[in-house]
K.L.:
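Just dropping this structure here.
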Protein chains: 2
Amino acid sequence: MVPEMTDLNPRKAPVQRRSAATVEALHTAAIQVLVREGLARCTTTRVAERAGASVGSLYQYYPNRDALLSAVLEEHLTRVADAVAGACIAARGCPIGEMAGTLVRALLSAKLADREESRALYSVAGERGGPMLVRAAHDRMIADVACLLKTAPDRRVRQPEVVASVLLNALFGPITSVLKDQTPARLEAHLEAELIRVASSYLRAAPTG
Amino acid sequence: MVPEMTDLNPRKAPVQRRSAATVEALHTAAIQVLVREGLARCTTTRVAERAGASVGSLYQYYPNRDALLSAVLEEHLTRVADAVAGACIAARGCPIGEMAGTLVRALLSAKLADREESRALYSVAGERGGPMLVRAAHDRMIADVACLLKTAPDRRVRQPEVVASVLLNALFGPITSVLKDQTPARLEAHLEAELIRVASSYLRAAPTG
DNA sequence: CAGATATATGAAGCAACCTTCACATTCTGA
DNA sequence: TCAGAATGTGAAGGTTGCTTCATATATCTG
């Protein structure tokens, strides 16, 4: 298992408006190609072509293919983590059942806002650099939710980090499944209600102390 | 989005003992390479080399790379679904809290038995043919669990398929997270207990009728 | 044992892909 | 306006991977 040092950081930031547009176009093109063709066929040439740019331009801003994909993934993860952070601020001090609802709704709207994008990025999350980014986003969300749980007036949850982690991942499971179309269509209508049930029943069952 | 018909079925089955060993070696080699190198570098040549066979042998049994990976994935999914089926038979007629425990333990032991293998296959599950196989395995597990829920003496769960689906995916979420090392190590010690809490609290909260 | 069948081999053809680079075009600031 | 900086271009080099096939070895069967 050789580390295989490849630089995943952007090469340089756009300074003029023109290049900002190019970078933006590359991002959305990467997602589109990912959705339509899959990770294996998401090549630099195809992304550039779809973005209406040339491969050369792509390499002006990203040192390699993986750097581009990492950037796109990171942006998505940040959006989701921001949504969770927002919910954690909004629900601060609320009874624990309300926290559950707020959190679930925030997660759902962040993840389902652009289903194609969410779905496409699962494959990226498993490759070079992806796991690191996912891990970081998870840690951030866990910290936020744990902090939120401490403010519950009706429940003093023990080990808030453990509970936050299990809770978040228990919610991500069904969401992921729906995004990947691995779930009978009937479930989707019930998704929000059931997730809230999962969250609030688990939180109420969590050990206090 | 072109269908891109490539045959994912095995080319022919081994008949002599020698070739059965080769196929077996190819399977385990595929998993090892997947773990050590990642999906992108899991090439036919590397798999064959690690298996102590030649590429030619590989292509004698699988028409292409994806067929090999699909076969490995399918075997894993079948093992997990079998474990769930077993648990569903074992817990038939038990009180709903006991069902939760049995199911969780079965899932955990199936998924954590060979962590490396489970982890490696996530990437395969997202590529050519993977989603189909995962979908099929999920459907089977949902049917089994839904059937189990109907036998609960203390709870007549409404819409057992929906509940089964949410329940299973809510359990897979944290398991997946642990497998991918996306979770603080401290969680792992609590995993089983917390998952049982998730399952039984959700089942008890499910609408009855 | 001999023919038939099953299995194994790995070099080579072919097809993509990643990445670079020398050059063209556009923009900015003075 | 003009020089210098920023940006854009895409053909070509070099690498890698997938897959086939002619050939060789092992196993089976009668």
Side-chain angles (χ1 to χ4, degrees), chain A residues 2 4-27 29-30 33-34 36-71 123-124 127-129, chain B residues 2 4-27 29-30 33-34 36-71 123-124 127-129:
Chain A
V2 186
E4 189 93 15
M5 255 316 245
T6 43
D7 190 1
L8 295 180
N9 296 322
R11 187 167 260 171
K12 72 179 179 190
V15 357
Q16 301 178 357
R17 222 187 278 120
R18 183 169 48 132
S19 57
T22 301
V23 171
E24 168 76 18
L26 287 173
H27 270 233
V33 175
L34 218 40
R36 284 167 176 68
E37 312 261 10
L39 177 59
R41 310 198 34 161
C42 182
T43 74
T44 51
T45 332
R46 259 191 275 267
V47 170
E49 184 187 26
R50 172 142 207 108
S54 70
V55 232
S57 292
L58 192 161
Y59 279 91
Q60 205 122 46
Y61 302 101
Y62 301 97
N64 50 58
R65 188 189 94 134
D66 290 338
L68 168 63
L69 294 177
S70 290
S123 46
V124 178
E127 298 273 294
R128 295 220 74 67
Chain B
V2 186
E4 189 93 20
M5 255 318 241
T6 42
D7 190 1
L8 295 180
N9 296 323
R11 187 166 261 170
K12 70 179 179 188
V15 357
Q16 301 178 357
R17 219 187 280 118
R18 182 168 50 131
S19 56
T22 302
V23 171
E24 168 74 17
L26 287 172
H27 270 232
V33 176
L34 218 40
R36 285 170 176 67
E37 312 260 10
L39 177 59
R41 309 198 35 159
C42 182
T43 74
T44 51
T45 332
R46 260 190 275 267
V47 169
E49 184 186 26
R50 172 139 208 110
S54 70
V55 232
S57 292
L58 193 160
Y59 279 90
Q60 205 123 46
Y61 302 102
Y62 301 97
N64 51 58
R65 189 188 95 135
D66 290 337
L68 168 64
L69 294 177
S70 291
S123 45
V124 178
E127 298 273 296
R128 294 217 72 66

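Here is the naming used below: chain letters follow the sequence lines, and residue numbers restart at 1 for every chain.
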K.L.:
Base contacts versus sugar-phosphate-only contacts with protein, heavy atoms under 4.0 Å: please encode nucleotides 24-30 of chain C as B, S and - from 5' to 3'.
P.N.:
--BSS--
K.L.:
Check the distance between D:dT9's P and A:Gln60's CD and give it to me in whole angstrom.
P.N.:
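Rounded to the whole Å, the gap is 10 Å.
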K.L.:
For B:Thr44 and D:dT19, is the shortest distance between a side-chain N/O and OP1 or OP2 below 4.0 Å?
P.N.:
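No, no such contact exists.
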K.L.:
Rounded to whole angstrom units, what separation is found between the CD atom of A:Glu127 and the C1' atom of C:dC18?
P.N.:
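Answer to the nearest Å: 16 Å.
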K.L.:
Determine: side-chain N/O of A:Ser19 to OP1/OP2 of D:dT7, distance under 4.0 Å, yes or no.
P.N.:
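A:Ser19 to D:dT7 OP1/OP2: side-chain N or O found under 4.0 Å.
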K.L.:
Using atom CZ of A:Arg11 as one end and atom C1' of C:dC18 as the other, report the distance to the nearest whole Å.
P.N.:
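About 12 Å, once rounded to whole Å.
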K.L.:
Any idea which heavy atoms bring A:Glu127 and B:Ala40 closest together, and the distance?
P.N.:
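In terms of heavy atoms, the two residues are closest at OE1-CB, 3.6 Å.
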K.L.:
If every non-hydrogen atom of B:Ser19 is compared with every non-hydrogen atom of B:Pro14, which pair is closest and at what distance?
P.N.:
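The answer is OG-CB, 3.2 Å.
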K.L.:
Counting only side-chain N and O atoms of B:Arg41, is one of them less than 4.0 Å from OP1 or OP2 of D:dT15?
P.N.:
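Answer is no, no contact under 4.0 Å.
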K.L.:
Kindly write out the residues that satisfy side chain to side chain contact (heavy atoms under 4.5 Å, CB included) with A:Thr43, not counting sequence neighbours, or none if the list is empty.
P.N.:
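A:Thr43 satisfies side chain to side chain contact (heavy atoms under 4.5 Å, CB included) with A:Thr45, A:Arg46 only.
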K.L.:
Using a cut-off of less than 4.0 Å, is there contact between a side-chain N or O of A:Thr22 and OP1 or OP2 of D:dT7?
P.N.:
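So the side chain of A:Thr22 is outside the cut-off, no N or O lying under 4.0 Å from OP1 or OP2 of D:dT7.
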K.L.:
Distance check needed: D:dC18 C1' versus B:Arg128 CZ, whole Å only.
P.N.:
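One finds 15 Å between C1' of D:dC18 and CZ of B:Arg128, rounded.
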K.L.:
With side chains defined as the heavy atoms from C-beta onward, is the minimum distance between A:Tyr62 and A:Thr44 less than 4.5 Å?
P.N.:
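No, too far: nothing below the 4.5 Å cut-off.
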K.L.:
Please report the distance, rounded to the nearest Å, between CZ in B:Arg46 and P in D:dC18.
P.N.:
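Rounded to the whole Å, the gap is 8 Å.
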K.L.:
Of all of residues 50-59 of chain B, which get a heavy atom below 4.0 angstrom from DNA chain C, listed by number?
P.N.:
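By residue number: B:Ala53, B:Ser54, B:Gly56, B:Ser57.
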K.L.:
Rounded to whole angstrom units, what separation is found between the CG atom of B:Leu26 and the C1' atom of C:dT7?
P.N.:
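Checked: the CG to C1' distance equals 12 Å.
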K.L.:
Could you list by number each residue of residues 61-70 of chain B showing a heavy-atom separation from DNA chain D of less than 4.0 Å, or answer none if no residue does?
P.N.:
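Nucleic-acid contacts, sorted: B:Asn64, B:Arg65.
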K.L.:
When the side chains of residues 48-60 of chain A are checked against the rest of the protein, which donor-acceptor pairs come out under 3.5 Å, sequence neighbours left out?
P.N.:
unit_1  : atom_1 : unit_2  : atom_2 : d
A:Arg50 : NE     : A:Gln32 : OE1    : 2.5
A:Arg50 : NH2    : A:Gln32 : OE1    : 3.4

K.L.:
Show me the side-chain donor-acceptor pairs of residues 64-71 of chain B shorter than 3.5 Å, one per line, residues at least two apart or across chains.
P.N.:
unit_1  : atom_1 : unit_2  : atom_2 : d
B:Asn64 : OD1    : B:Asp66 : N      : 3.3
B:Asn64 : OD1    : B:Ala67 : N      : 2.9
B:Asn64 : ND2    : B:Asp7  : O      : 3.0
B:Arg65 : NH1    : B:Leu39 : O      : 3.4
B:Arg65 : NH1    : B:Cys42 : O      : 3.0
B:Ser70 : OG     : B:Asp66 : O      : 3.0

